[in-house]
Amino acid sequence: MTMDQLDAAGLLAVYSAMAVYTLAFAAFAIDVAKRSAARSTVPRELVSVGGDSPAGGQSPPAIAPAEAGRGARIGFVLTVIGWVVLVAGAVFRGLAAGRVPWANMYEFALTGVAIIVGVFVLSRLWRDLTFLGVFITGLAVVSLGTATLNFYVPPTPLPPALQTYWLVIHVFVATLATGFFALGAGLSVVQLVKERRTNGFLRSLPSAEQLEDLGYRVGVIGFIFWTFTLVAGAIWAEHAWGRYWGWDTKEVWTFIIWVLYAGYIHARATRGWRGSRSAWLQIIGFAAVVFNFTVVNLFFKGLHAYSGLSSE
Amino acid sequence: MSRSSESDPLRPRDHIEAPRRAEPLGEGPRLGIAGWARFLWRQLTSMRTAIVLLLLLALAAIPGSLVPQRSSDPNGVIQVRSANPDLVWLYDALSLHDVYTSPWFSAIYILLFTSLVGCVIPRLAHHWKAMRAAPPKTPARLSRLVGFQTVPGDASDLDRAERMLRRLGYRTARYGQSISAERGYLRESGNLLFHTSLLAMILVVGIGSGFGYQGQRLLVEGRGFANTLSSYDTFTAGQWFDDGSLEPFAVRLDDLEVEYETENRYAMGAPLDFTARVAVSEPSGERSAQIKVNEPLSVAGADLYLISNGYAPRISVRDPEGNVVYDEYTPFLAQDDLMTSLGVMKLPDGLSQQLGLRGFFYPTAVELGSGALASGYTDVLNPVLSLQAFTGDLGLDAGIPRSVYSLATDEMTQIAGGDSGAESLTLAPGQSVEIPGGLGTIAFEDVLRYGVIEVHVDYTQTLVLWITIALILSLLASLLIPRRRLWVKATGTGLEVAGLARGEDPTLERAVDALARQLRAGAAPSHATGERVTT
């Protein structure tokens with residue numbers, strides 16, 4: 001296939017993934033609505049089954065009711081399908097461009113969503129976080145929509161500054177961190193909601209404390225990857241620009257995000273901050289990640305000018 | 001749930017695991033100076049203060065990404081200041097062009113690091129002792145601890161249990177009919193090393209960068225420069241830099257090779273690769289080497305980077321008698337992705353009047369519908385120069401430093417191009433034309449590339465790299481290694497097993513279960529559930 005055909009195939013896959021995620025979002029949303037309606041039928045005992053049960057055996061403790069609603073199951077299957085299609089889209093784009101598919105904003109968005117959804121899908125092996133389906137698929141649809149409508153550029157070769165394995169490492173790890181941050185922020189949002197209300201759908205969710213524990217574990221992994229992103233970026237900057245740290249706008253925002261999450265990790269261990277305050281910090285941290293990817297990339301002047309979009 | 005013990009990591013007072021102490025209420029009025037100092041120090045070293053300072057630090061970093069900084073974007077600083085002359089005082093008063101060295105930003109991180117030192121030093125001393133202390137006494141009742149269960153066995157199984165725990169990396173102690181075991185001291189070690197490394201990083205960067213320097217030099221192909229202060233176009237150095245420390249070497253740019261995209265129609269002419277071939281002379285001899293983007297060249301402790309490139313047409317000017325009064329390669333600065341390049345020449349002497357030339361170089365000129373020229377491609381396929389000419393006062397005698405890349409035409413009269421009535425001087429290589437007014441002739445001889453080489457010496461690099469490695473490893477240890485205690489106690493009903501987490505430990509319960517399974521498996525081989533226990 002020619003470059004244009006490969007790219008068109010990739011774009012088609014991305015549009016298909018968007019359609020599948022929209023369906024998945026609908027399925028998850030219907031599930032939430034149904035659970036809200038069926039408030040009295042949810043057995044109370046299920047709510048408190050958790051890590052504290054003395055009989056917790058070999059299998060990881062289930063924190064959500066074993067039988068997720070049919071809507072949620074359909075939603076999850078659709079999410080997996082959408083993920084496979086999106087990964088194919090990113091691979092086609094990479095083949096079209098002849099390099100890793102994360103060198104401009106359109107490609108960052110594709111790969112970023114693929115990784116966020118991938119982290120969500122793979123987390124199923126560890127815990128049932130299906131209740132985050134609405135959040136994750138919603139995020140995926142909005143991000144892919146923005147990417148295809150506003151960020152799309154034809155595949156172009158890498159400028160010399162990006163032709164290094166550090167592009168593969170630095171950007172990939174940053175995207176991986178973003179995946180974990182997204183999941184952590186989702187958990188923190190649900191935690192905050194759960195702290196305020198416990199009726200309807202929310203009753204079937206893990207307790208606010210369990211959500212906080214999970215959110216913390218996910219956030220910590222994101223923080224470790226983000227630290228690595230920062231370090232790898234500094235080493236690359238040393239190679240490309242002759243200094244490892246120069247307070248370029250993107251460096252500043254990477255630093256801000258790192259400091260916010262450091263604050264979150266401290267807050268989690270501090271009396272008076274654990275709970276909803278630390279959850280807010282995790283959400284603010286993720287908001288900074290999103291801001292860094294969108295507003296900073298597009299409107300702030302700096303050396304990391306790789307959106308691929310002309311400034312006019 | 002538990003009392004704190006000697007071997008607990010020392011926690012800041014408001015840490016979630018710190019023992020709750022009654023706040024000394026009503027003592028305020030009677031605090032003396034020492035009391036107040038102690039009070040303030042406690043506040044400063046608390047977790048709450050650290051969080052607030054971290055959030056302030058994040059907030060304070062934002063303006064530096066909105067306002068151009070002298071360190072990263074000096075041209076942006078000039079633009080902003082000339083666009084907003086009324087606000088210059090405000091930018092200066094708030095150090096908005098030097099946010100990261102400003103008093104207010106420094107104040108935040110100095111407070112943060114003071115807080116950190118105040119927090120870490122007592123913990124270091126405590127951890128040093130704790131690592132040598134025996135695990136704490138077994139609590140009287142294990143039933144309220146995590147994963148509590150009873151497995152078959154009696155006091156005779158304790159030796160076996162202790163061996164198991166030791167193999168799992170626990171430090172153990174016997175208290176009567178029980179074993180107390182603890183592991184994961186590396187968590188606190190990592191935590192302390194991480195914070196100490198951060199401090200070391202700040203100190204090394206702060207002090208070490210004062211000895212380094214960086215200089216930039218534009219080189220047309222074939223030209224070279226020696227590493228001395230006067231050969232740099234721009235030069236910045238740390239406060240303790242001594243120009244005697246400039247390493248003796250010289251660099252000549254032999255050839256700058258640029259590879260362009262020729263197939264992808266969306267990126268036609270985009271540069272794909274830059275290779276600067278250079279000759280390096282050191283006291284030990286001369287060698288040839290290359291510099292590429294992302295591949296700096298190391299010479300005598302300095303790193304050499306290729307940071308930009310462009311075209312330098314060679315232009316000569318003759319007076320009416322045919323004497324050469326000017327003949328130089330003049331670097332033109334690229335204005336767009338297609339390398340439309342702008343350049344300036346100043347000829348104060350040699351002709352009957354001072355002459356200024358300003359204009360564009362097009363590596364591959366194409367004529368637009370309007371008749372104007374534009375660059376159609378990045379490489380040199382159809383090079384054309386188009387110059388405007390000015391006569392009058394170049395303003396070089398006033399003693400005011402002028403940029404070589406700009407021409408002040410206020411005191412000059414335009415004689416070619418623009419509204420002068422005469423056409424711009426348009427030249428292809430080898431061509432020459434008359435300068436209007438009988439001043440002489442101008443010729444475009446040929447064109448070469450130039451590269452800008454940056455020489456950078458930073459003595460902190462290696463040390464910072466080692467500190468960074470320590471940072472990452474200690475971060476992993478402090479976040480991922482669980483610090484936990486397990487107890488095995490022989491009672492009338494069997495062996496009681498339970499655990500206690502110190503810090504985040506999501507897998508504690510599983511660890512207690514695993515220990516219980518091992519104990520069961522060893523106690524009654526006939527009931528073993530399949531797990532093999534090697535002894």
Side-chain angles (χ1 to χ4, degrees), chain A residues 3 51-52 54 56-58 61 153-161 163-164 166 213 216-217 220 223-224 227-228 231 234-236 238-249 252-253 255-257 259-260 262-263 265-274 281 288 296 300-303, chain B residues 12 14-18 20 47-48 50-51 54-55 57-58 61-62 64-66 68-69 71-73 76 99-100 146-149 205 214 261 264 266-267 270-274 292-296 303 305 307 454 456 458 461 464-465 468 471-472 475-476 479-480 503-504 506 509-510 513:
Chain A
M3 182 190 86
D52 291 331
Q58 288 94 322
V153 287
T156 52
L158 287 178
Q163 294 169 16
T164 156
W166 286 109
D213 287 352
Y216 176 76
R217 293 174 72 183
V220 156
F223 180 71
I224 290 171
T227 308
F228 194 78
V231 169
I235 297 175
W236 184 5
E238 172 69 46
H239 285 286
W241 300 325
R243 84 289 183 294
Y244 49 81
W245 193 261
W247 296 106
D248 174 59
T249 38
V252 170
W253 277 91
F255 170 79
I256 290 173
I257 291 161
V259 169
L260 284 174
I265 288 174
H266 283 82
R268 157 83 177 171
T270 303
R271 210 174 276 150
W273 280 78
R274 195 180 195 132
L281 280 182
V296 175
F300 286 34
K301 194 179 154 195
L303 289 169
Chain B
D14 52 349
H15 189 280
I16 203 93
E17 282 179 358
R20 273 182 190 277
M47 299 272 289
R48 238 168 279 161
I51 296 170
L54 280 169
L55 297 182
L57 188 68
I62 296 176
S65 71
L66 294 166
Q69 300 295 295
S71 56
S72 56
D73 185 12
V99 164
Y100 305 105
V146 177
F148 172 74
Q149 53 199 292
V205 171
Q214 67 184 76
E261 174 65 47
N264 185 326
Y266 302 113
L272 295 180
D273 196 28
F274 297 103
K292 293 167 85 89
V293 180
N294 277 318
E295 287 175 32
D303 288 317
Y305 300 83
I307 57 169
E454 179 167 303
H456 198 194
D458 181 354
Q461 265 180 42
V464 166
L465 183 65
T468 307
L471 266 177
I472 290 190
L475 181 71
L476 290 174
L479 289 177
L480 301 181
E504 304 282 343
E509 198 166 315
R510 264 182 277 166
D513 289 342

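We use all heavy atoms of the structure for the numbers below, so side chains are in, but hydrogens, waters and symmetry mates are not. Every chain is numbered from 1 and lettered A, B, ... according to where its sequence line falls, protein lines coming before strand lines.
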Given that the side chain runs from C-beta out, which part of L475(B) has a heavy atom under 4.5 Å from chain A: side chain, backbone, both or neither? side chain
Using non-hydrogen atoms and a 4.5 Å limit, figure out which bit of W247(A) sits close to chain B: side chain, backbone, both or neither. both
Heavy-atom closest pair (P157(A) atom, A267(B) atom, distance to 0.1 Å) is CD-CB, 3.5 Å
Between D73(B) and chain A, which part of the residue has a heavy atom less than 4.5 Å away: side chain, backbone, both or neither? side chain
Side chain to side chain, R268(A) and V220(A), heavy atoms closer than 4.5 Å: no
Give, as side chain, backbone, both or neither, the part of I235(A) having an atom under 4.5 angstrom from any heavy atom of chain B. side chain
Side chain from CB out, backbone as N, CA, C, O: work out which of these in V99(B) comes under 4.5 Å of a heavy atom of chain A, or both, or neither. neither
Quick one: are L281(A) and L55(B) in side-chain contact, heavy atoms under 4.5 Å? yes
Select one option (side chain, backbone, both, neither) describing which atoms of H456(B) are under 4.5 Å from chain A's heavy atoms. side chain
Quick one: what part of Y266(B) sits under 4.5 Å from any heavy atom of chain A, side chain, backbone, both or neither? both
When heavy-atom pairs shorter than 4.5 Å are enumerated against chain B, which of Y216(A), F228(A), W253(A), F223(A) gives the highest number? Y216(A)
Should T270(A) and I16(B) count as side-chain neighbours, where that means a heavy-atom distance under 4.5 Å? no
NZ on K292(B) to NE2 on H239(A), rounded to 0.5 Å: 15.5 Å
Residues passing the side-chain contact (heavy atoms from CB on, under 4.5 Å) test with A61(B), sequence neighbours excluded, are V252(A), F255(A), I256(A), Y100(B), F105(B)
Let's test your reading of the structure: which of L272(B), T468(B), D273(B) forms the most heavy-atom pairs below 4.5 Å with chain A? L272(B)
For E504(B), which atoms come within 4.5 Å of any heavy atom of chain A: side chain, backbone, both, or neither? side chain
Hey, are R271(A) and D14(B) close enough for a salt bridge, meaning a charged N less than 4.0 Å from a carboxylate O? no
Going by heavy atoms in the side chains, are W236(A) and N294(B) under 4.5 Å from each other? yes
Below 4.5 Å, heavy-atom pairs only: which of I51(B), V293(B), L54(B) has the largest tally toward chain A? I51(B)
Among residues at least two apart in sequence or on other chains, which ones pass salt bridge (charged side-chain N to carboxylate O under 4.0 Å, His left out) with R243(A)? E251(A)
Please state whether the side chain, the backbone, both or neither of L471(B) comes within less than 4.5 Å of a heavy atom of chain A. neither
Can you tell which of G242(A), P154(A), A240(A) has the highest number of heavy-atom pairs within less than 4.5 Å of chain B? G242(A)
Contacting moiety of W166(A), where chain B heavy atoms sit under 4.5 Å: neither
